[in-house]
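Each chain gets a letter, A, B and so on, in the order the sequences are listed, and its residues count up from 1. All of these numbers come straight from a predicted model, not from anything done at the bench.
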There are 2 protein chains.
Amino acid sequence: MNEKTTPKRGRPKTLDRDQVVQVALMQYWSKGPTVVSISDICGLTGTSKPGVYREFGNDDGLKASVLETYHRLAIQPLIDILEKDQSTTVTINALIDFMTQDRTELNIPQGCLFVMMRAHAQQLGPSTCNKLQEARRNLLDTYEAWVMRSKSRGEFADIPTDIAALFIDIQHGGAMRMQREGAANDTIASVLRSALGVLAMGKRAGARTN
Amino acid sequence: MNEKTTPKRGRPKTLDRDQVVQVALMQYWSKGPTVVSISDICGLTGTSKPGVYREFGNDDGLKASVLETYHRLAIQPLIDILEKDQSTTVTINALIDFMTQDRTELNIPQGCLFVMMRAHAQQLGPSTCNKLQEARRNLLDTYEAWVMRSKSRGEFADIPTDIAALFIDIQHGGAMRMQREGAANDTIASVLRSALGVLAMGKRAGARTN
DNA sequence: AGGTTTTCGTACCTCTAGTTACATTAATCA
DNA sequence: TGATTAATGTAACTAGAGGTACGAAAACCT
């Protein structure tokens, strides 16, 4: 049910929801989610403010929609890498390659909108924050599932699963932030190799129990 | 020269610069540097807005002053740990202990103002950004110096110095962000042990050259 | 054609941020 | 006492943000 019914009554809609989301997405991603105003987006899309408010309710609604789209667009590929059943080291390398792609030649902004939004959560509305939490849980769960599969193959270091997931999350965030601040992708890749390299296999000297 | 001359001429100053900086510091630290307004700080310190502007020039000036104070207060101790000549593992443990102190019982906000400011750099003025860069270079240099000393003692893993410094920076930022988001200090410490543990000694299996 | 329905966009509102003009106050000096 | 100096704080201003009231427009149905 709830098929996109096409009621022919009334003035036809001209507002292009997807376009607004796309433009907002690129703006938030390239300039920061708290720096771009609704008016900016209206100007860039040629829509009116009431149009945007009719479609998304409010600022929070727009940002939440954008985040949803961003998840499909930029986070899912990362998840896909983790869910493909490959050896641990191959997956790690794929992750690194994915994170350190050359963004300029793909016309994609540097950094990660999800990571940026997390850092600006204080200035975001409740729906956006919910979606943020959701996305985070989703990612952490994916990390954990991957770690557990890796462990079952005996290919993973002796680190508690939840800790490992948080560790990966930190490296991802760090890489995205470095990229955003202009670091060379080679440099970022080196750091990631040093960091994620630990996860594969080897027993490490036990860390202090403290 | 330029001793704090105490000219008795004119109306005596009542504005307490240090108090304003302290209050602003705590506000920025606990609520985020871009969420607290000048008016808020005026309200909390009982000073007038023109008073603040006379003293700091503008928002940017106040934030820059706060960051300077924050550096002395919260970053220097971390630097001190690194500059104390101790074995690599002892230093690492000291770093972890320092980062995962219980903040609530010390009446110190969670997280790190410096890390937060970096994430909000787009919304900060030029002086603040300069001080931010400066502080970052200072930290990275300290990391590098420590790494080199560790290496010369043969106590450090086979990782390029600059990469190691960036790696440490990421772990620090990650830990501070986790703390801010409410993670338990024990959890954070576990992640840090897994992460920083790599730095000490052992030859690791060479990461892919790619 | 005239009513109905749905969307449109101009022009506004409110609120808060950063910032400043200016008259006032409180001290010293002559 | 009155001039000088240096600080004070009230009360504004400007700009831009999020958000909305409301009449016009564009389709349909009868």
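One atom, CG of Leu15(A), and another, C1' of dT6(C), lie 14 Å apart when rounded to the nearest Å. Here dT16(C) presents its P atom at 16 Å from CD of Gln123(A), a figure rounded to the nearest Å. When rounded to the nearest whole Å, the span between CD of Glu55(B) and P of dT20(C) equals 16 Å. As a whole-Å value, the separation of Phe56(B) CZ from dG18(C) P is 14 Å. Taking atom CZ on Arg17(A) and atom C1' on dT7(C), their separation rounds to 16 Å, with Å as the unit. As a whole-Å value, the separation of Lys13(B) NZ from dT5(D) P is 19 Å.
Among residue pairs with one or both ends in residues 67-76 of chain A, those qualifying as salt bridge (charged side-chain N to carboxylate O under 4.0 Å, His left out) are Glu68(A)-Lys131(A); sequence neighbours excluded. Evaluation of the salt bridge (charged side-chain N to carboxylate O under 4.0 Å, His left out) test over residues 21-41 of chain A, restricted to residues two or more places apart or in two chains, returns none.
Asn130(A) pairs by the side chain to side chain donor-acceptor pair (under 3.5 Å) definition with nothing, not counting sequence neighbours. Applying the side chain to side chain donor-acceptor pair (under 3.5 Å) test to Asp102(B) and every residue at least two apart in sequence or in another chain returns Thr104(B). When the side chain to side chain donor-acceptor pair (under 3.5 Å) test is applied to Asp141(A), the partners found at least two apart in sequence or on another chain are Arg137(A). Checked against salt bridge (charged side-chain N to carboxylate O under 4.0 Å, His left out), Glu181(A) has the following partners two or more places apart in sequence or in another chain: Arg118(B), Arg136(B). Ser127(A) pairs by the side chain to side chain donor-acceptor pair (under 3.5 Å) definition with Asp60(A), not counting sequence neighbours.
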Please set out all donor-acceptor pairs under 3.5 angstrom arising from side-chain atoms of residues 182-189 of chain B, sequence neighbours excluded.
from, atom 1, to, atom 2, distance (Å)
Asn185(B), OD1, Gln179(B), NE2, 3.1
Asn185(B), ND2, Gln101(B), O, 3.2

What side-chain donor-acceptor pairs closer than 3.5 Å can you find for residues 50-57 of chain B, not counting sequence neighbours?
from, atom 1, to, atom 2, distance (Å)
Glu55(B), OE1, Lys13(B), NZ, 3.0
Glu55(B), OE2, Arg17(B), NE, 2.8

With B for base contact, S for sugar-phosphate-only contact and - for none (protein heavy atoms under 4.0 Å), nucleotides 24-30 of chain D reads BBBBBS-

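Distance CG/Leu113(B) to CG/Leu67(B): 6.5 Å, rounded to 0.5 Å.
Rounded to 10 degrees, the angle separating the terminal helix axes of the helix from dA1(C)-dT30(D) to dA30(C)-dT1(D), each built from five base pairs, is 30°.
Between the side chains of Lys151(B) and Thr161(B), at least one donor N or O lies within less than 3.5 Å of an accepting N or O.
Sorted by residue number, the members of residues 19-54 of chain B with any non-hydrogen atom under 4.0 Å from DNA chain C read Ser37(B), Ile38(B), Lys49(B), Pro50(B), Tyr53(B).
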